[in-house]
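Throughout, numbering of the chain's residues begins at 1 and tracks the sequence.
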Amino acid sequence: MTSRIQLIDVTLRDGNQSLWSATGIDTETVLAVAPLLDQVGFKALDFTTSTHMAISVRYHQEDPFERIRLTSQLMPNTPLIFMTTGMRFITWEPAPRAIIRLAMQLVIKHGIRRIQIVEPMNNMPALLEAAKIAREEGAEQVVAGLVYSISPVHTDEFYVGCAAALAGATDLIDTVYIKDPSGLLTPERVETIVPAMRKALGSMPLEIHSHCNAGMAPLCYLRAAELGVETVHTAIPPLAEGTSLPSITRTVANLRELGFDVDIDLEPIERISQHLFELARRKGYRIGQPLEYDVAYYRHQVPGGMVTTLRRHLAEVGAEDRFDEVLEEIVRVRAELGYPIMVTPFSQLVATQALLNVQAGERYASAPDEVIKYVLGRFGDPPAPIDPEVRDRVLSMPRARELDVPLEEPTLEDLRRQIGPRLSDEELLLRWALPGEQVDAALSGKRTRPAQPVAGPYHPLKKLIAEVSKRTDITYFYLQKGDTRVILRRNKPAATGKGIVPDGHAEPASPPERAAGEGVRV
C-alpha cells in the first residue's frame, strides 16, 4: 500500500461534460479559476478533448487553441491533459492518421503536457499506435486508459491481458488508469481487478477514474488506494457527484482519515467552488448530488445523460410508456453486437438501434450508418463476435453495400489541397471536422486580454498577509520581491486594536526603522 495519494482534477472537462453537457464552461470561466487551480497541488488537470474543442467553436465561438495556450500560461505548475478516444478527432469514426498526428502536435505546441489515450474497444494495438504518435510529437507524459465494463467478456483476465500489453511498452506508456465512465465498479470488484492489474503492470503507476452513477466510486477509491493505486481522479463541487466523479473535499478527508498523505491545499478549492456555485445559480445549471443506488443500472449500463435524452425523445413521439421496453432492447442489442462498452460512440449506436427496433416493431428492419459501419469493422473488432444472424441482416441492407468500399487515407498534403493550402495548421484541423461558418465565428473573436481571475483571500500574497496577521508574536514583517514591497507593523492594541492591516501606501526601497505604535503601511 502506498502512503501518498495524488489527485487529478476533472472539473473543467469531465465534470463539465457529465453535469453541464460539456457546454457550461467557456474560456472566461477557465481563465478565471486557472490561477487558483494551479495552487492546489494536483498531479495534472483533465483539461480538454476534441469534443470539448468542438464545443468551444460551436457553442462559444471561441478558439480552442487559445484556451489551451492561455490556461497553460496561468498554470505553470500543473500539467494540462488532452484526452483522446483512440484514433478519433471530433467525429465518431476513426480519423486519418495525418489528422491525429496534427492534433497531437498542435495541442502539445499550445501547452498540453499529458496525453491520455482511451481506446473504447480496449484495442491495444490501436491504443499503442496513438501513443506512438503522441510520443513522437513530444508529449511529456503518455497515459493509457483501460475502459471498465461488465459483460461475459470483460473479466479480470481480459484486463490483465490489456495491462500486460501496456507494461511491455514502457517506451510509449508512462502510466495506466482504470477508466470507469459509467460508474460500474464496486468495492468487491476493485479487490480482484486492482491487485491483478497491479501485478501485471509491475512498476508502472496505476490510477483510477470512476463516476458516481451508482454511488460506489467514493468507496472504490478508498479500497483502490489500500490496494496500491497511487492516483485518484476527483472533481470540485458543484461539478462533482451525480454522474460526475467523487468530490475532492470528501475524498481528501476520507483518505486522510485512513492515514494517507494527500498533499493538497483545499483553501483555493473553496474559492473555486464558490465561483462555480455562483455560475450555476446564474445560469440555472445542475448541481451534482449523490444518486440513489439502482441495481438495474448494472444491467443496461446506459449513461445518465443518455437516459435523459432517451426519455425526452420518447415523450416527443408520445411513447413515454415504452421506456422500460427500450432499456431491455438495449441490453439485447449490446449482446448481439458483441458487448461494446457503453461509452461514446458505442452507447449511442446501441441505444439508437434499440430505439429503432422498438419503434418499428421489427428488429433490425433498418440500421443507421454508424451501426452498419460498426458491423463492417470500421470501429475495430468488437470484444466478442457479433451475432451471425444480426450480422447477415445488417450486411444484406442496400446501404451496407454502398458503405462497404475501401477508404483511401489522405496525407496532410492531400488535406491541404482539399481544405485550403494557405491555412494555418490550427485552422486546417478545425475546418477538417467542423462547418466553415462555425470556424469563421470562432477565429474572428480571439481574446485581446486575459479574463479577470477570481478574487479572494487565497491569492498567495493575500494568504501570506492573512497568516502573518494571525501571529500575535509578529510585530513587524517586511517582504521585497522585485518592485513589490510588503511591510506590516502591528498597532498598539490600546490604540486601535486592529492588529496587522495593510493600508496600500508605497514605501521607500530600503526597509525603514521599526517604530513602535505606528500604523501599518504597505
Side-chain angles (χ1 to χ4, degrees), residues 8 44 49 81-89 94-95 97 100-101 103-104 114-182 184-185 189-210 224 227-231 233 337-346 374 377-386:
I8 286 176
T49 65
I81 296 170
F82 176 76
M83 198 275 283
T84 179
T85 308
M87 300 289 282
R88 291 175 58 245
F89 185 82
R97 285 166 180 78
I100 297 300
R101 184 173 292 279
M104 298 281 194
R114 170 167 156 151
I115 301 289
Q116 285 180 186
I117 304 168
V118 174
E119 213 298 312
M121 289 284 198
N122 286 316
N123 182 324
M124 292 302 98
L127 189 153
L128 291 172
E129 182 180 7
K132 184 173 186 292
I133 294 173
R135 186 69 80 194
E136 289 172 349
E137 294 304 325
E140 288 184 19
Q141 303 169 41
V142 180
V143 179
L146 296 180
V147 188
Y148 178 76
S149 186
I150 298 174
S151 80
V153 180
H154 295 96
T155 61
D156 287 1
E157 291 74 20
F158 172 85
Y159 287 105
V160 165
C162 294
L166 297 174
T170 53
D171 56 329
L172 300 179
I173 303 296
D174 299 307
T175 302
V176 173
Y177 75 109
I178 301 171
K179 181 177 176 64
D180 179 21
S182 299
L184 297 169
L185 272 171
R189 186 69 187 273
V190 167
E191 289 176 358
T192 63
I193 196 170
V194 167
M197 289 182 62
R198 180 70 280 155
K199 182 178 179 181
L201 290 171
S203 61
M204 189 174 285
L206 180 62
E207 303 176 355
I208 189 168
H209 170 115
S210 182
L227 293 168
V229 165
E230 295 97 337
T231 304
H233 297 204
L337 293 181
Y339 294 104
I341 296 175
M342 294 297 282
V343 64
T344 301
F346 305 124
Y374 173 92
R378 295 278 179 83
F379 295 92
D381 294 332
I386 297 172

Could you tell me whether the side chain of Glu136 reaches within less than 4.5 Å of the side chain of Arg101, counting heavy atoms only?
-> yes
Measuring from Ile133:CD1 to Leu128:CG, what's the distance to the nearest 0.5 Å?
-> 11.5 Å
With a 4.5 Å heavy-atom cut-off, do Tyr159 and Ser149 have their side chains touching?
-> yes
Do Leu227 and Glu191 come within less than 4.5 Å of each other through their side chains, counting heavy atoms only?
-> yes
Can you find a pair of side-chain heavy atoms, one from Val176 and one from Val143, that are under 4.5 Å apart?
-> no
Walk me through it: do Glu230 and Arg198 pass the test salt bridge (charged side-chain N to carboxylate O under 4.0 Å, His left out)?
-> CA-CA 11 Å; Glu230 295 97 337; Arg198 180 70 280 155; 3.5 Å; yes
So the salt bridge (charged side-chain N to carboxylate O under 4.0 Å, His left out) pairs with at least one residue in residues 139-164 (sequence neighbours excluded) are Arg113-Glu140, Asp156-Arg189
Non-hydrogen atoms of Ala130 and Met104 that approach each other most closely = O-CE, 3.8 Å
Thr85 (side chain) donor-acceptor with Arg88 (main chain) under 3.5 angstrom = no
Shortest non-hydrogen contact from Gly380 toward Met121 = O-CE, 4.1 Å
Search all heavy atoms of Gly145 against all heavy atoms of Leu127 and return the closest pair with its distance.
-> O-CD1, 3.9 Å
Do you know which two heavy atoms are closest between Leu206 and Met197, and how far apart they sit?
-> CD1-CE, 4.1 Å
Distance, nearest 0.5 Å, that separates CD of Gln116 from NE2 of His209 | 8.0 Å
Enter the distance from Leu146:CG to Leu166:CG here, rounded to the nearest 0.5 Å.
-> 5.5 Å
Start with the C-alpha distance between Glu207 and Arg114, add both sets of side-chain angles, then the distance that settles salt bridge (charged side-chain N to carboxylate O under 4.0 Å, His left out), and finish with yes or no.
-> CA-CA 14 Å; Glu207 303 176 355; Arg114 170 167 156 151; 2.8 Å; yes
Heavy-atom side-chain contact between Tyr339 and Pro382 under 4.5 Å = no
One should read off an interatomic distance between Asp171 CG and Arg135 CZ, to the nearest 0.5 angstrom, of 7.5 Å
Do other residues, nucleotides or ligands put more than 12 heavy atoms under 6.0 Å from the CZ atom of Arg97?
-> no
Do Ile173 and Ile117 touch side chain to side chain, with heavy atoms closer than 4.5 Å?
-> no
Does Lys199 have any salt bridge (charged side-chain N to carboxylate O under 4.0 Å, His left out) partners at least two apart in sequence or in another chain, and if so, which?
-> none
Working for side-chain contact (heavy atoms from CB on, under 4.5 Å), residues Gln141 and Ile81 | CA-CA 9 Å; Gln141 303 169 41; Ile81 296 170; over 6 Å; no
Does Asn122 reach the main-chain N or O of Val147 with its side chain, forming a donor-acceptor pair under 3.5 Å?
-> yes
With side chains defined as the heavy atoms from C-beta onward, is the minimum distance between Tyr374 and Pro340 less than 4.5 Å?
-> yes
What pair of heavy atoms forms the shortest contact from Tyr148 to Pro181, and how long is it?
-> O-CD, 4.3 Å
Output yes when a side-chain donor or acceptor of Asp180 lies under 3.5 Å from a complementary backbone atom of Leu185, and no otherwise.
-> yes
Can you label the angle between the Tyr177 ring and the His233 ring as parallel, tilted or perpendicular, going by 30° and 60°?
-> parallel
Closest approach of Gly338 to Pro383 (non-hydrogen atoms, all atoms of both residues) | O-CD, 3.3 Å
Donor-acceptor contact present, side-chain Ser151 to main-chain Val153, <3.5 Å | yes
Quick one: are Val194 and Ile178 in side-chain contact, heavy atoms under 4.5 Å?
-> yes
Value for CD1 (Ile150) from CD1 (Ile341), rounded to nearest 0.5 Å, stands at 11.0 Å
